[in-house]
Trainee: 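Just passing along the structure, written as structure tokens.
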Amino acid sequence: MNILVVEDEPDLARHIAGALTRSGHSTEVRHDGQEALETALNRRPDLIVLDVNLPTMDGFTVLSRLRQSQSSSRVIMLTSHGDVESRLRGLNGGADDYLAKPFSMDELVARVNVLGRRGGTIAEGDVIKAGDVVMDVPKRKVTRKGEKIELSPREFEVLQILMKEPARVFSRNDICERIWQREHQYDTRTVEIFIMRLRKKLELDDGANLIRTVRGAGYQMAVTE
């Protein structure tokens with residue numbers, strides 16, 4: 001993948017870029033928020049490793065501008081250790097993943113590789129239908145009533161899990177295990193945020209939620225004919 005590393009600490013940025021390059025990725029480094037945004041919009045990298053604390057423009061603003069510009073680049077936010085609010089703010093803003101500092105390079109590379117697979121190890125059929133929602137898995141395309149729904153890779157993966165077994169209730173742990181494939185210390189609100197993002201994008205004027213919350217159990221795709 002082509003990866004943009006945005007980190008204002010030169011030594012850390014160099015180490016991140018080196019680890020990703022050794023793993024077979026092509027990297028480019030920026031230390032400034034405004035410069036990083038311009039590079040991301042012009043070069044359109046596959047993935048961005050984005051620090052929160054940056055000069056001229058912080059990581060949240062960079063992320064917001066990217067999503068406003070309909071950028072499809074996947075984003076991993078780097079946050080301070082224990083700063084839960086920053087993590088949630090990043091996910092709410094459209095990030096696909098986060099990693100708290102300090103972190104191991106092996107962990108970062110693993111997160112990058114999982115996002116790079118775009119679908120993890122989920123079995124992929126050609127087309128999945130749930131009510132009036134249609135998912136074309138190979139094309140990474142989702143429509144509802146014929147209207148295209150723009151989803152981030154993580155949103156796509158969560159929806160794919162629910163649509164493949166619409167009668168099943170998935171707990172937060174079920175969803176995490178299927179997407180991230182191993183145990184990370186994710187805050188339970190991480191899955192809730194992706195569900196919230198999906199509901200906002202899939203809802204119609206009638207206000208009915210396609211994704212139901214089953215109290216004390218998890219989430220279920222509500223299929224109506």
Side-chain angles (χ1 to χ4, degrees), residues 1-81 83 85-120 139-141 150-158 179-181 184 186 190 193-194 197 201:
M1 287 191 295
N2 294 317
I3 300 176
L4 177 62
V5 177
V6 187
E7 167 60 58
D8 66 332
E9 298 180 26
D11 287 343
L12 179 55
R14 184 174 65 255
H15 288 311
I16 292 173
L20 294 173
T21 299
R22 289 191 295 274
S23 296
H25 302 290
S26 174
T27 61
E28 192 169 0
V29 175
R30 293 291 182 271
H31 305 294
D32 173 273
Q34 180 63 49
E35 185 180 4
L37 176 62
E38 293 171 0
T39 300
L41 293 176
N42 290 329
R43 308 281 179 85
R44 299 188 179 278
D46 299 308
L47 185 142
I48 303 170
V49 178
L50 181 61
D51 189 27
V52 170
N53 297 314
L54 298 167
T56 73
M57 182 183 293
D58 65 44
F60 296 124
T61 304
V62 173
L63 176 64
S64 176
R65 300 281 179 84
L66 286 171
R67 294 314 184 215
Q68 289 171 8
S69 300
Q70 303 299 311
S71 170
S72 61
S73 297
R74 284 147 279 177
V75 176
I76 295 180
M77 299 288 292
L78 302 181
T79 68
S80 299
H81 180 69
D83 188 356
E85 293 307 315
S86 290
R87 300 177 199 177
L88 299 181
R89 182 179 174 186
L91 291 171
N92 278 319
D96 297 287
D97 205 349
Y98 63 79
L99 195 58
K101 294 180 177 180
F103 54 85
S104 74
M105 289 300 165
D106 287 343
E107 176 75 356
L108 174 61
V109 171
R111 302 278 187 101
V112 166
N113 289 339
V114 168
L115 277 180
R117 288 195 289 270
R118 298 184 67 90
K139 294 182 180 179
R140 311 293 293 186
K141 179 181 178 181
E150 296 290 345
L151 300 180
S152 75
R154 281 288 187 244
E155 292 164 356
F156 187 97
E157 290 161 9
V158 173
I179 291 179
W180 286 284
Q181 304 170 34
H184 295 315
Y186 283 99
T190 300
I193 287 172
F194 283 114
R197 281 162 50 171
K201 292 184 177 184

Trainee: Atom CG of D8 and atom CG of L54: how far apart are they, to the nearest 0.5 Å?
Mentor: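 With rounding to 0.5 Å, CG (D8) is 5.5 Å from CG (L54).
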Trainee: I need the minimum non-hydrogen distance between A95 and M77, along with the two atoms involved.
Mentor: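 Result for this residue pair: CB-CG, 3.5 Å.
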Trainee: Is there any salt bridge (Lys or Arg N to Asp or Glu O under 4.0 Å) pair reaching into residues 52-69, and which pairs are they, with sequence neighbours excluded?
Mentor: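 Those involving residues 52-69 are R67-D96.
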Trainee: Tell me, please, which residues at least two apart from N53 pass side chain to side chain contact (heavy atoms under 4.5 Å, CB included).
Mentor: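 N53 satisfies side chain to side chain contact (heavy atoms under 4.5 Å, CB included) with D51, S80 once adjacent residues are dropped.
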Trainee: Quick one: are P45 and I3 in side-chain contact, heavy atoms under 4.5 Å?
Mentor: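 P45 does not reach I3 side chain to side chain.
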Trainee: For R43, enumerate each residue passing the side-chain hydrogen bond (donor to acceptor under 3.5 Å, both in side chains) test, keeping only those at least two apart in sequence or located in another chain.
Mentor: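 R43: side-chain hydrogen bond (donor to acceptor under 3.5 Å, both in side chains) contacts with E28.
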Trainee: Could you list the residues that satisfy side-chain hydrogen bond (donor to acceptor under 3.5 Å, both in side chains) with K201, not counting sequence neighbours?
Mentor: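 Counting only residues at least two positions away or on another chain, K201 forms a side-chain hydrogen bond (donor to acceptor under 3.5 Å, both in side chains) with E155.
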Trainee: Quick one: pull up NE2 in H15 and CD in E7 and give me the separation to the nearest 0.5 Å.
Mentor: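 One gets 11.0 Å once the value is rounded to the nearest 0.5 Å.
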Trainee: Got a second to check how far S73's OG is from N2's CG, nearest 0.5 Å?
Mentor: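 The CG atom of N2 is 10.0 Å from OG of S73, to the nearest 0.5 Å.
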Trainee: Could you state the interatomic distance from CZ (R140) to CD (E150), rounded to the nearest 0.5 Å?
Mentor: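 Spacing of CZ (R140) from CD (E150) equals 12.5 Å.
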Trainee: Please report the C-alpha distance between D97 and R154 in whole Å, then the side-chain angles of each, then the deciding distance to 0.1 Å, and finally whether the side chain to side chain contact (heavy atoms under 4.5 Å, CB included) criterion is met.
Mentor: CA-CA 8 Å; D97 205 349; R154 281 288 187 244; 3.5 Å; yes
Trainee: Checking V109 now: which residues fulfil side chain to side chain contact (heavy atoms under 4.5 Å, CB included) with it, not counting sequence neighbours?
Mentor: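 With neighbours one apart ignored, the set is A19, L20, S23, N113.
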Trainee: Identify the two heavy atoms, one from F194 and one from V158, that lie closest to each other, and give their separation to 0.1 Å.
Mentor: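 Scanning both residues, the minimum pair turns out to be CB-CG2, 4.2 Å.
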Trainee: Could you please spell out the steps behind the side chain to side chain contact (heavy atoms under 4.5 Å, CB included) verdict for V75 and V62?
Mentor: CA-CA 11 Å; V75 176; V62 173; over 6 Å; no
Trainee: Test of understanding: with salt bridge (charged side-chain N to carboxylate O under 4.0 Å, His left out), list the residues that count as partners of E35, not counting sequence neighbours.
Mentor: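 Salt bridge (charged side-chain N to carboxylate O under 4.0 Å, His left out) check on E35 returns R30.
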Trainee: Do K101 and L12 pass the side chain to side chain contact (heavy atoms under 4.5 Å, CB included) test, and can you show the C-alpha distance, the side-chain angles, and the key distance before you say yes or no?
Mentor: CA-CA 11 Å; K101 294 180 177 180; L12 179 55; 4.0 Å; yes
Trainee: If you look at every heavy atom in V29 and A13, which pair is closest and at what distance?
Mentor: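 Shortest heavy-atom contact: CG1-CB, 3.8 Å.
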Trainee: Residues two or more places apart in sequence or in another chain: which of them pass side chain to side chain contact (heavy atoms under 4.5 Å, CB included) with T56?
Mentor: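 Result, side chain to side chain contact (heavy atoms under 4.5 Å, CB included) vs T56: D32, Q34.
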Trainee: Please walk me through it: do I16 and F103 pass side chain to side chain contact (heavy atoms under 4.5 Å, CB included)?
Mentor: CA-CA 11 Å; I16 292 173; F103 54 85; 4.0 Å; yes
Trainee: Atom CG of L99 and atom OG1 of T79: how far apart are they, to the nearest 0.5 Å?
Mentor: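 That separation rounds to 7.5 Å.
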Trainee: Identify, with sequence neighbours excluded, every residue that meets side chain to side chain contact (heavy atoms under 4.5 Å, CB included) alongside S64.
Mentor: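 Partners of S64 by the side chain to side chain contact (heavy atoms under 4.5 Å, CB included) criterion, ordered by chain and then number, come out as Q68.
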Trainee: Looking only at heavy atoms, which two atoms of A36 and L4 are closest? And how far apart?
Mentor: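 Closest heavy-atom pair between A36 and L4: O-CD2, 3.7 Å.
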Trainee: Roughly how far apart are L78 CG and L50 CG, rounded to 0.5 Å?
Mentor: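 Here the interatomic distance stands at 7.5 Å.
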Trainee: Of all residues at least two apart in sequence or in a different chain, which pass the salt bridge (charged side-chain N to carboxylate O under 4.0 Å, His left out) check with R14?
Mentor: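 Checked R14 against salt bridge (charged side-chain N to carboxylate O under 4.0 Å, His left out); matches are D11.
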